[in-house]
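Note on naming: letters A, B, ... go to the chains in the order of the sequence lines (proteins, then strands), and numbering restarts at 1 for each one.
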Amino acid sequence: MSAAPRQRQVPDKPSLDGVEARWDRVWTDEGTYTFDRTKTRPEVYSIDTPPPTVSGSLHVGHVFSYTHTDAVARYQRMRGKAVYYPMGWDDNGLPTERRVQNYFGVRCDPSLPYEPGFEPPPEPPKQQISISRPNFIELCERLTSTDEKAFEDLFRRLGLSVDWSLVYATIDERSRRVSQRAFLRNLARGEAYQQEAPTLWDVDFRTAVAQAELEDREQPGAYHKLVFHRPAGAGDIEIDTTRPELLAACVALVAHPQDTRFQPLFGTTVTTPVFGVEVPIRAHELADPDKGTGIAMVCTFGDLTDVTWWRELNLPARSIIGWDGRILASPPEAITSESGLEAFARIAGKTVKQAQAAVVELLQESGELRGEIRAITHPVKFFEKGDRPLEIVATRQWYIRNGGRDPVLREALLARGRELRWHPEYMRHRYESWVAGLNGDWLISRQRFFGVPIPIWYRLDDEGVAIYDEPLVPDQSRLPIDPSTDVPDGFDAAQRGVPGGFMGDPDIMDTWATSSLTPQIGGYWQESDEAVAGLYERVFPYDLRPQAHDIIRTWLFSTVVRAHFDDDSLPWTDTALSGWILDPDRKKMSKSKGNVVTPLALLEQYGSDAVRYWSTSARPGVDTAFDEGQMKIGRRLAIKLLNASKFTLSLGPAGGDAVLSEPVDQAMVERLADLVGEATAAFDAYDYARALERTEAFFWDFCDNYLELVKGRAYGSQGDGPAASARAALEQSLETLLKLFAPFLPFATEEVWSWWRDGSVHTSRWPDEAALRHGADREVYRVATDVLGAARRAKTEARKSLRAAIESMVVSAPSADLARLALARTDVMESGNISSLDSAIGDELGTVVTLAPDPA
RNA sequence: GGGCGCGUAGCUCAGUUGGUUAGAGCGCUGCCCUUACAAGGCAGAUGUCGGGGGUUCGAGUCCCUCCGCGCCCA
């Protein structure tokens, strides 16, 4: 239902200046986008909004993808849904941590007790001050709150129809509580577990990282040919390795079981060069006969294949790399010879790079390096945020099962992917290939500080050694807790860290372990607060997860995992994937490449509607070039909408009993019904771009042709009845077009709406195709505009003004079209300034135009 | 190596299930101060639809193959 017509107030000079601030204030005051908590699940459309990382800077990518979601949200709201559209800020994690360290000059030491009222010095000190984790988190929150303000301002200016009363941050108390609660439930059901195992490790951040955070980078490397010795002078074996620095960690050689060159050697031993350690020769299918000399050395651990060999061949662990990425001070027990120990002393404490140079030197001295060192480039695994290659070290870590080690679970999660509706559809392949390729469970513990703590303590035995097998868990009513300051039930604070006492788990959870719960956080899952009782059931499973396609393997997948475990459900029915912004050279825009455009300047220059127009012109999922040209077009469209509306509304109202008596008006409205049908179907398929394109094309034609065709009649040139028909058609089409444009141009449409209607266009009902459809002959409109176009063309070709008079015009066309022309004759003659219009039967439309002579 | 997407006018892109002479905007050219709009309007020109082969009465659209670009996975 549309609001009742009222007195019109059309400005003399319509303008977009200041509309953003003005309407944002009205929408906030009126609660236009406030979620109606009385609505039941079928009446709700809920969105699991991506929380942007606020410690990064604003860029156009934010504007782009969030506008796509907002267009859908506005459409659903106009369809009568109570739209649940919260906003979250992702402030949890490494980027914030690094900023806080530099900004305040502090570092986190989780072993320290909380110091109430701690204030950092006004100037960051040269020597960083060590503070407790809760104090550190307080500073993180202080810094992120200003960043969050900037994001909110931007999103408000952009016109996102978010319910700003539903804001959360991924480090806030509620998020920590939800995150810990979900973890403890995973633990109780056996979906979370801890294990001491070889782990991919970033030596700079000094934390474990998960498979989802890896990326391969092509790196220079070099093959070194090393000589291993068979016993009793039986000869040497050459192996090629890119990591000679790990020679001291060598535990075996492996070759392929079918490789006849090495079959006789399986089960025998060799001694390593330099260090003189005896190691076995074993067979394994992962050994590649075509790589190097066909036989490889296994070290603990050079890469993930080493881990597989170590595990499947039951080899000993002989680690030499510490958490700081340096060679350990003391040698593995297996090195016993004097020369071996001396050699190890020469690499102890060195970085991997330095150690490699030292080992090469040792090999050269002993003559156990054969031939030249051959430079190659090869893919090396990095933490996506890291600068040095990952090492593999054995550590105790927490995991959540994700199907990487369990075919049954993997299949269940693949089935979830098939159950989910993807927009665009082909994005589901990303999910499938990722899940199919998982090679281990999800490692969620991080050896960092600014994050949600693992809510676990351990008893210490009489020697002060932690008993990991029997973790102490808090009662859920205590959540959130920080085990570095909170004390487990049955203990007192004095028992922390002493034999017979307890210790807190020092780790935090991976940021994705919290982000994977945005549906639960955003929906106030299991929160006891009266005000939110029953809310979760009204929004879950959500209708939509919008996000960028590059985080399908992290955010989307991990969210599916959590909901699968805790709700036995998909977290949402649909997901819409946005593309990236590319700079004009087709490169992904990113901060590190220095080609980021700040969005606020764009919003100021072109206006929010114009920037939204550019964003929503991009097809779902398609990477899109940054194009200010499109923003100029969007601005022109918004201004055109103001002007066309001003014209329409300045004609005066049609009157309550106006009838669409004229065939041209009926034909235009019939086409409008077609448009509504197309736009609705497009939105229902999440193709906002199509809805915009069709609406825009209709609108320009409407302005160029229909308005020109009926202008005179609407002013009253043909009498009251025909004028009322034109005005009624104009009012219907204006109202409809405003609604169709509202999801894209919320400010311009609201501005016009306010000239003649009460309430907000954004809470008005989406137009109804059936109500506009009367079965009129659309072709009347086509014939009339074709003839008008021919008249204009004749004038243009004669270099005359479009106002110039046509003395006579003869239209030839099939009889059916001539009959249609007759129905629009007066409008065509008036708008074309045609004195005499005749017709003749012909196969196709043709015109002969005689212009009036120029006035003397 | 496997998978997905893309390749259409100088540029950015639409082209639903195959159906007349392939579209839009920008840019370009020309005209017009027309009672909504000159930071505008009207009109015009512009294409071996990446190459080749096939199916069909008919292919930008379906099939095969090759080339180029991007991404995902291993």
Could you tell me how far [M] sits from [N] if I compare only their [atom1] atoms? Round to whole Å.
N: B:A74; M: B:U65; atom1: C1'; answer: 26 Å
N: B:C49; M: B:A59; atom1: P; answer: 13 Å
N: B:G10; M: B:C66; atom1: P; answer: 29 Å
N: B:U20; M: B:G60; atom1: P; answer: 10 Å
N: B:G18; M: B:U56; atom1: P; answer: 16 Å
N: B:A22; M: B:U48; atom1: P; answer: 13 Å

**Complete:** Per the 3.5 Å Watson-Crick/G-U criterion and a run length of at least three, the stems involving RNA chain B are B:1-7 with B:67-73, B:10-13 with B:23-26, B:28-32 with B:40-44, B:50-54 with B:62-66
**Prompt:** What is the distance from CD of A:E432 to C1' of B:C72, rounded to the nearest Å?
**Reply:** 12 Å
**Message:** Given A:Y688, which partner from the list A:H68, A:E693, A:R619 fulfils the side-chain hydrogen bond (donor to acceptor under 3.5 Å, both in side chains) test?
**Reply:** A:H68
**Prompt:** OP1, OP2 of B:C37 versus side-chain N and O of A:K13: anything below 4.0 Å?
**Reply:** no
**Asked** Would one find a side-chain N or O of A:R636 under 4.0 angstrom from OP1 or OP2 of B:G41?
**Response** yes
**Message:** Ring of A:W555, cation from A:R545 - is the NZ or CZ under 6.0 Å from the centre and inside 45° of the axis?
**Reply:** yes
**Asked** When rounded to the nearest 0.5 angstrom, what is the spacing between CZ in A:F382 and CD in A:Q219?
**Response** 3.5 Å
**Request:** Please indicate whether A:E285 has more than 12 foreign heavy atoms, meaning atoms of other residues, nucleotides or ligands, lying under 6.0 Å from its CD.
**Result:** no
**Request:** Could you pull out all residues at least two apart from A:D406 that satisfy side chain to side chain contact (heavy atoms under 4.5 Å, CB included)?
**Result:** A:V408, A:L409
**Request:** Would you mind classifying the nucleic acid contact of A:E696 as base, sugar-phosphate or nothing, using non-hydrogen atoms under 4.0 angstrom?
**Result:** nothing
Only distances under 3.5 Å count here; give the side-chain donor-acceptor pairs of residues 672-684 of chain A to other protein atoms, sequence neighbours excluded, each with its distance to 0.1 Å.
residue : atom : partner : partner atom : Å
A:D674  : OD1  : A:R773  : NH1          : 3.0
A:D674  : OD1  : A:R773  : NH2          : 2.9
A:D674  : OD1  : A:R778  : NH2          : 3.0
A:D674  : OD2  : A:R778  : NE           : 2.5
A:D674  : OD2  : A:R778  : NH2          : 3.4
A:E678  : OE2  : A:R694  : NH1          : 2.5
A:T680  : OG1  : A:V676  : O            : 2.6
A:T680  : OG1  : A:W766  : NE1          : 2.8
A:D684  : OD1  : A:Y75   : OH           : 2.7

